[in-house]
Amino acid sequence: MSIVLMLLPAIAWGILPLAVARIKGKPINQIFGTAVGTLIVSIVVFLIIRPNISIMNFVLAALAGGFWIIGQLGQYNAYRSIGVSQTMPISTGLQLIGTSFIGVLIFGEWASVNAKIFGVIGILLLIVGISLTAKKDNGRQANKQTGTLMMLVLTTVGFLVYNSIPRAMTSSGLAIFLPESVGMVIAVLLYIIFTKQPQVLREKASWQSLLAGFIFSIAAITYILSVRDNGVNSAFVVSQLSVVLSTVGGMVFLHEAKSRHELILTIIGLILIVGGAIITTIF
């Protein structure tokens, strides 16, 4: 059972981008469906386990969920712009780099000299890996790609805040799943209001995207359970295999074209990103 719990987050997070990309509609439809689908699952989980959580922790978790929407919306827009197979390695690498720096600067991680040395090595591997997966032959779609990369860098801040807030809370795990999903839905509704897109609530693609929320929930819940049974390091390292699954899936199932040279660089980049994730986590 422990092995299954270790693999399920990687499988679900790897499938999520593929499912989202296959659903017709705009990123706003996809993010609305993802948030509402997650809320539905979180309500069921809450009714089953009945966790105790303070009002302050509820608010902080909801705030974290709101920031997650920023990061995820950036990813969904990138899927349409440069494809899943290029978005996922870049986005994952940026999150790992940012999370590592936050861990060192705010939470005092990498306290020993060895930890700092291996941490720097891990970050360098991540940077090189991102650069290789972002490489396009002959500057193909250069302007479009540059704009998308800048958007991913900026929206990754949402993921970093989402990952950081729970570390400063007394409640964690399944206890904050519901408030996080509440924050997600509130953030999406505010985005719909400010961008004046009320039609999103009536569009078929928005409700088809509930599937994305269900898949995300499976990944999130099984990851929490895997951390409990297998430890943070093992659970996190195995979960990073999701980037391999989504990248390969983008090329195979979504037919995202890459030249032979780009494919080789992508494979090398993936190896470096997963290697960097392992080094920054274990050491």
Q: For residues 245-265, which residue pairs qualify under ring pair (Phe, Tyr, Trp, His ring centres under 6.0 Å), counting only residues two or more places apart or in two chains?
A: none
Q: With Ser206, which residues qualify under side-chain contact (heavy atoms from CB on, under 4.5 Å), at least two apart?
A: Asn29, Phe32, Val200, Glu203
Q: Are Leu5 and Leu174 connected, step by step, through hydrophobic side chains (Ile, Leu, Val, Met, Phe, Trp, Tyr) whose heavy atoms are closer than 4.5 Å?
A: yes
Q: Measure the spacing between CG of Leu7 and OG of Ser239 and express it to the nearest 0.5 Å.
A: 11.0 Å
Q: Could you give the distance from CG (Leu211) to CG (Leu16), rounded to the nearest 0.5 Å?
A: 9.0 Å
Q: Can I get a per-line list of side-chain donor-acceptor pairs under 3.5 Å for residues 175-186, giving both atom names and the distance, sequence neighbours left out?
A:
from	atom 1	to	atom 2	distance (Å)
Ser181	OG	Ser42	OG	2.6
Ser181	OG	Phe177	O	3.4
Ser181	OG	Leu178	O	2.7

Q: Nearest heavy-atom pair of Ala205 and Ile23: which atoms, and what distance?
A: O-CG2, 4.0 Å
Q: Would you say Leu125 and Ile273 make side-chain contact, with heavy atoms under 4.5 Å?
A: no
Q: Quick one: do Val153 and Leu160 end up in the same hydrophobic cluster if we chain Ile, Leu, Val, Met, Phe, Trp and Tyr together by side-chain heavy atoms under 4.5 Å apart?
A: no
Q: For residues Ser217 and Gly37, report the shortest heavy-atom separation together with the two atoms involved.
A: OG-O, 4.3 Å
Q: Restricting to side-chain hydrogen bond (donor to acceptor under 3.5 Å, both in side chains), what partner residues turn up for Gln95, sequence neighbours left out?
A: Ser91
Q: Treating Ile, Leu, Val, Met, Phe, Trp and Tyr as nodes and any side-chain heavy-atom pair under 4.5 angstrom as an edge, say whether Val157 and Leu105 lie in one connected cluster.
A: no
Q: Report the residues that fulfil side-chain contact (heavy atoms from CB on, under 4.5 Å) with Ile40, sequence neighbours left out, ordered by chain and then residue number.
A: Val36, Leu210, Phe214
Q: Partners of Val128 by side-chain contact (heavy atoms from CB on, under 4.5 Å), sequence neighbours excluded?
A: Leu132, Leu272
Q: Pairs in or reaching into residues 112-133: which pass ring pair (Phe, Tyr, Trp, His ring centres under 6.0 Å), with residues at least two apart or in two chains?
A: Phe118-Phe283
Q: Take Gln240 and Ile278 through the test side-chain contact (heavy atoms from CB on, under 4.5 Å) and record every step on the way to the result.
A: CA-CA 9 Å; Gln240 296 311 298; Ile278 293 173; over 6 Å; no
Q: Can you give me the closest heavy-atom contact between Ala35 and Ile69, atom names plus distance?
A: CB-CD1, 4.2 Å
Q: Do Thr133 and Leu265 touch side chain to side chain, with heavy atoms closer than 4.5 Å?
A: no
Q: Mind checking side-chain hydrogen bond (donor to acceptor under 3.5 Å, both in side chains) for Glu256 and listing every partner two or more places apart, or none if nothing turns up?
A: Ser85
Q: Nearest 0.5 Å, please: how far is CG in Leu8 from CD1 in Ile3?
A: 12.0 Å
Q: Should we say atom CD1 of Ile55 is surrounded by more than 12 heavy atoms from elsewhere, each under 6.0 Å from it?
A: no
Q: Would you give the length of the straight line joining atom CG of Asn77 to atom CD1 of Ile28, rounded to the nearest 0.5 angstrom?
A: 9.0 Å
Q: Sequence neighbours excluded, which residues qualify as side-chain hydrogen bond (donor to acceptor under 3.5 Å, both in side chains) partners of Thr92?
A: none
Q: Verify the cluster assignment for Phe101 and Leu154: are they in a single hydrophobic cluster under the rule of side-chain heavy atoms below 4.5 Å apart?
A: no
Q: Looking at every heavy atom in both Pro89 and Leu270, which two are closest together, and how far apart are they?
A: CG-CD2, 3.9 Å
Q: Return yes when atom NZ of Lys24 has more than 12 non-hydrogen atoms of other residues, nucleotides or ligands closer than 6.0 Å, and no otherwise.
A: no
Q: Less than 4.5 Å apart, side chain to side chain, heavy atoms only: is that true for Pro51 and Phe46?
A: yes
Q: With side chains defined as the heavy atoms from C-beta onward, is the minimum distance between Thr247 and Val243 less than 4.5 Å?
A: yes
Q: Cut-off 3.5 Å, no hydrogens considered: what does the side-chain donor-acceptor table look like for residues 106-115, sequence neighbours left out?
A:
from	atom 1	to	atom 2	distance (Å)
Glu109	OE2	Arg167	NH2	2.1
Ser112	OG	Ala115	N	3.1

Q: Is the Tyr79 to Tyr76 ring centre distance short of 6.0 Å?
A: yes
Q: Would a single hydrophobic cluster contain both Ile48 and Leu225, if residues Ile, Leu, Val, Met, Phe, Trp and Tyr are joined by side-chain heavy-atom contacts under 4.5 Å?
A: yes
Q: Could you tell me whether the side chain of Thr155 reaches within less than 4.5 Å of the side chain of Gln72, counting heavy atoms only?
A: no
Q: Rounded at 0.5 Å granularity, tell me how far CD1 in Ile127 sits from CG in Leu94.
A: 9.5 Å
Q: With a 4.5 Å limit on heavy-atom distance, are the side chains of Ile224 and Arg228 in contact?
A: no
Q: In Å, rounded to the nearest 0.5 Å, how long is the span from CD of Gln199 to CD1 of Ile192?
A: 8.5 Å
Q: Go through the structure and list residues passing side-chain contact (heavy atoms from CB on, under 4.5 Å) with Leu63, not counting sequence neighbours.
A: Phe67, Ile165
Q: Just to verify, what does Thr87 make a side-chain hydrogen bond (donor to acceptor under 3.5 Å, both in side chains) with, not counting sequence neighbours?
A: none
Q: Provide the closest heavy-atom pair for Ala12 versus Ile215 in the form atom of the first, atom of the second, distance.
A: O-CG2, 3.3 Å
Q: Hey, does Lys135 have a side-chain heavy atom less than 4.5 Å from the side chain of Glu262?
A: no
Q: Ignoring hydrogens and geometry, is there a side-chain-to-backbone donor-acceptor pair from Ser209 to Ala212 under 3.5 Å?
A: no
Q: Would a distance-only check, ignoring hydrogens and angles, find a side-chain to backbone donor-acceptor pair under 3.5 Å from Gln86 to Ala134?
A: yes
Q: List the atom of Leu241, the atom of Ala10, and the distance in Å for their closest heavy-atom pair.
A: CB-CB, 4.2 Å
Q: Under the criterion side-chain contact (heavy atoms from CB on, under 4.5 Å), I'd like the reasoning laid out for Ile123 against Ile279: C-alpha separation, chi angles, the key distance, then a yes or no.
A: CA-CA 9 Å; Ile123 287 179; Ile279 291 174; over 6 Å; no
Q: So Ile31 and Trp68, do their side chains get closer than 4.5 Å, heavy atoms only?
A: yes
